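Here the structure comes first, spelled out in structure tokens, and everything after it is commentary.
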Amino acid sequence: MLELLAGPFDILDLNGDPQAVANPSQVDCFQWDDDLGVMYSEGWLTERLWIIQLDGTATERGYWFARFILDIQDQKLNAYLATNPPFESALYDYQKRSGTYSEQLLSVSGTTPLKDIQVRCDDRFLGVSAAGSQIRAFPLDIDGMSDYITEANLTGTSSAVVRKPAWSRTRNLDVLALAYAGGNIIYYDHVLMQQVAGAAYIGENLGAWYSARLDIWIKLTTARQVEVYAASPRPYAMSNPTAESAPLLGRLTNFTVAVTGDMDEPCPGEVVDWSLHAESVGHLSVSQSKTDADGYALVGYIAPVDSASSEVTIIAEMKY
Amino acid sequence: MFEKIYHSQPVEYISKIEESVFSPPAYYPVPPLDNDGFFTAGHFGGLEAHWRLLHVFIDRVANVFSDNSVRVMMLNRIYHFPGFGVRDYRVDSAQGRYLNDEEGLDGPSPIASAPTLPTSQNFWLLRITDMATKADGQIMASTNQGITWYDVDTDALRLRIDPISITPNDFGAITLKVWMYDPKNQIVIKSKGLSSPTVAELEVFDTSEGVVLIKNIRVSGIPQQIFPEDERRAYVYCQNGLLNLINYMTGEVISTLRSPAPVAFKPIDFQIGHTKFCYDRFYRRMIGVTLTSDDQDTGASTVHAEGWYPVPIAVRIMKPIPLIPIRANRITPYLTKIFGDVGEPIGGVIFKATPTGGNTTIHSITVTDDHGEGIIHAISTIPEEMTMQLWTTI
């Protein structure tokens, strides 16, 4: 599981009053924005837009009830579109700084015809199936919920029946992150139209978003609190040092350990301390090394040229 | 939140008049006397009391204190026939001094009714019911005799004879309640709807050749007042306390801030706490005039005027959030953010951080950036534990 950095924080306004964060059936009424914070559009009848900071402080920003659509047509701008819940019949440009709709882009007749679209790409809209295991592509001139094709199948997902996954930009312009209500996080390349390597787990949530600017995850818990997570999992286990090849006298042999999270995810960037047992012979190349992107830390063992003893114990430790 | 830079003295109405000079009609109820035997004005039932805060605007008329004055137009109840009158109260723009008592001015004077209206309506029954400021700073008013709007000669305090050729029906409305007219660009901006606004949306009309709806602008709340800022820009004060600056020619909502007053929104213009705004383009600030409670000693009705620079002020500093896991003896970056009362970022702020636990050492601090964010680098000797205190001076 990703490592908790801070929280949980209650969502309070500037007077310290708890804000009734509604329990929306659609996670899209929340959206993390790297420039503002969590944009929370509160309820059809209430019609208030809040900006929630990482420590849970909420400030009222606007009026309109909106479901946010990630707009990645222009990658330079953290831009959004918005539909008009609960009708889901029109699509607008969304001015996030003023919290207002501007130009209407689309109007579609029917019963909630736009309710499944979540991302606008250059050439299509994206959404997921009810089971959450398929990416659906809708044309930009969509005319209803059933106007889609299945673009890709996903693995490692969870159900999207109660809440659709939250989409986030990543540091790779082609890759989007999907965080499911059950806690699964997967990555999707919208250019190659396929799931890409990398998965994580953040725990059950009302929404979770990756901040490409800060390299952290922001989660809205099921208890309606804000938590901040690292982009890497918390270390849970470390394997025994393993030699890449049989050590030979007078030669350097690499040893590695694998640091993993509780879901066997690799833990990059963790510092491993290396040492030799007191009665061991030989030397180590370094006393510390960091785990790589796959969670492996490496040390070189230099065996003596001539030794009467063949007892070598390499110790790897992590302190955190 | 705005930076308050101006506050007037309470603007008082006529507070006392000696009994000997008081000769009301026989049918008029005698107002109460105070302990000194003077008739006192009061909020209701007195000699004169405020009724409705009609309008506020800036007038470039020099006075003994400054080059401009804040003019407050009040519709008062008055003891003598016809029972009402529009008062013109002036407040100095620089020091907030109440000018009507000063030498050279005659005190609050009623705005005259129009000398001749192009109808057969009775002169004595005319009452100003609404006022607004045009984009060029000139004032217009409508009366109880109809929905027609007139230019106001603010020097002579008279309505001009010829009405402005703007009829609510042309804009699909019964009355024009929240609106503004730009005569130079021939643009009318009004709240969407037949009369009083019910949605957070404005309509922009081009009146150069007939009346053509050219755009809708969605704002951050149900609009309460529209007033001009500068050419092609206007402020929209909303009922939820938010303030938008819009460019009505392009339809852009330029900014959203929280209005500096009132603390609690009062929609009706005779409610204590009701506020009307104007933009002072001479001092580049916002002026708000609020109905305040009666003076406790005299019973006189009062208002006060305040001024603010429309720049955001910090109200909160965010708890520091580590951006990577806290490991023992590892420099860890912590993020904080300084923001205003609508969450707007405040950049360029120097803040300080102090460790509050023995296990934390602060290494470096940055100034807040365009996102209002600053980074503190700190080391803790205890894994997953760090305590520090942040503060700044505004």
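Within every chain, numbering begins at 1; the chains are lettered A, B, ... in the order of the sequence lines, protein sequences first and strands thereafter. Model, not experiment: these values are computed from the prediction.
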Review point. For the atom pair CG (A:D55) and OG1 (B:T336), what is the distance rounded to the nearest 0.5 Å?
Key: 8.0 Å

Review point. Roughly how far apart are B:I326 CD1 and A:E3 CD, rounded to 0.5 Å?
Key: 9.0 Å

Review point. Taking the side chain as C-beta and beyond, is there a heavy-atom pair between B:R258 and A:E60 under 4.5 Å?
Key: yes

Check your understanding: Heavy atoms, side chains only, cut-off 4.5 Å: are A:L54 and B:K337 in contact?
Key -> no

Exercise for review: Count the heavy atoms of every other residue, nucleotide or ligand shown that sit under 6.0 Å from CD1 of B:I350, and state whether that count exceeds 12.
Suggested key: no

Practice item. Would you mind checking which part of A:L49 comes under 4.5 Å of any heavy atom in chain B, side chain (CB onward), backbone (N, CA, C, O), both or neither? Key: neither

Practice item. Kindly say whether A:S98 contributes a backbone atom to a donor-acceptor pair with the side chain of B:S220 at under 3.5 angstrom? Key: yes

Exercise for review: Answer with side chain, backbone, both or neither: which region of B:I254 has an atom nearer than 4.5 Å to a non-hydrogen atom of chain A?
Suggested key: neither

Point to revise | Residues, nucleotides or ligands: over 12 heavy atoms within 6.0 Å of A:Y80 OH | key: yes

Check your understanding: From B:N216 CG over to A:E103 CD, what is the distance, rounded to the nearest 0.5 angstrom?
Key -> 12.5 Å

Study note, to complete from the structure: Most heavy-atom pairs under 4.5 Å with chain A, out of B:E252, B:K319, B:R330, belong to B:K319

**Study point:** Heavy-atom donor-acceptor pair, A:W64 side chain to B:V219 backbone, under 3.5 Å
**Key:** yes

Check your understanding: Using a cut-off of under 4.5 Å for heavy-atom pairs, which of A:Q95, A:R97, A:R213, A:E270 has the most such pairs with chain B?
Key -> A:R213

Check your understanding: Which heavy atom of A:T59 sits nearest a heavy atom of B:V342, and at what distance?
Key -> OG1-C, 3.2 Å

Practice item. Measure the OG1-CZ distance between A:T57 and B:F339 for me, rounded to the nearest 0.5 Å. Key: 4.5 Å

Revision key, fill the gap. d(A:L214 CG, B:H371 NE2) to nearest 0.5 Å is 8.5 Å

Point to revise | Spatial distance of atom OH (B:Y334) from atom CG (A:L5) [nearest 0.5 Å] | key: 9.5 Å

Point to revise | Which of B:G221, B:G241, B:P325 touches chain A most, by non-hydrogen pairs under 4.5 Å | key: B:P325

Exercise for review: Using non-hydrogen atoms and a 4.5 Å limit, figure out which bit of B:A328 sits close to chain A: side chain, backbone, both or neither.
Suggested key: neither

Check your understanding: Do B:L242 and A:Y63 come within less than 4.5 Å of each other through their side chains, counting heavy atoms only?
Key -> no

Check your understanding: Under a 4.5 Å heavy-atom cut-off, does chain B meet the side chain of A:I216, its backbone, both or neither?
Key -> side chain

Check your understanding: A:K319 and B:R327: which non-hydrogen atoms are nearest, and at how many Å?
Key -> O-CD, 4.2 Å

**Study point:** Region of A:F9 that comes under 4.5 Å of a non-hydrogen atom in chain B
**Key:** side chain

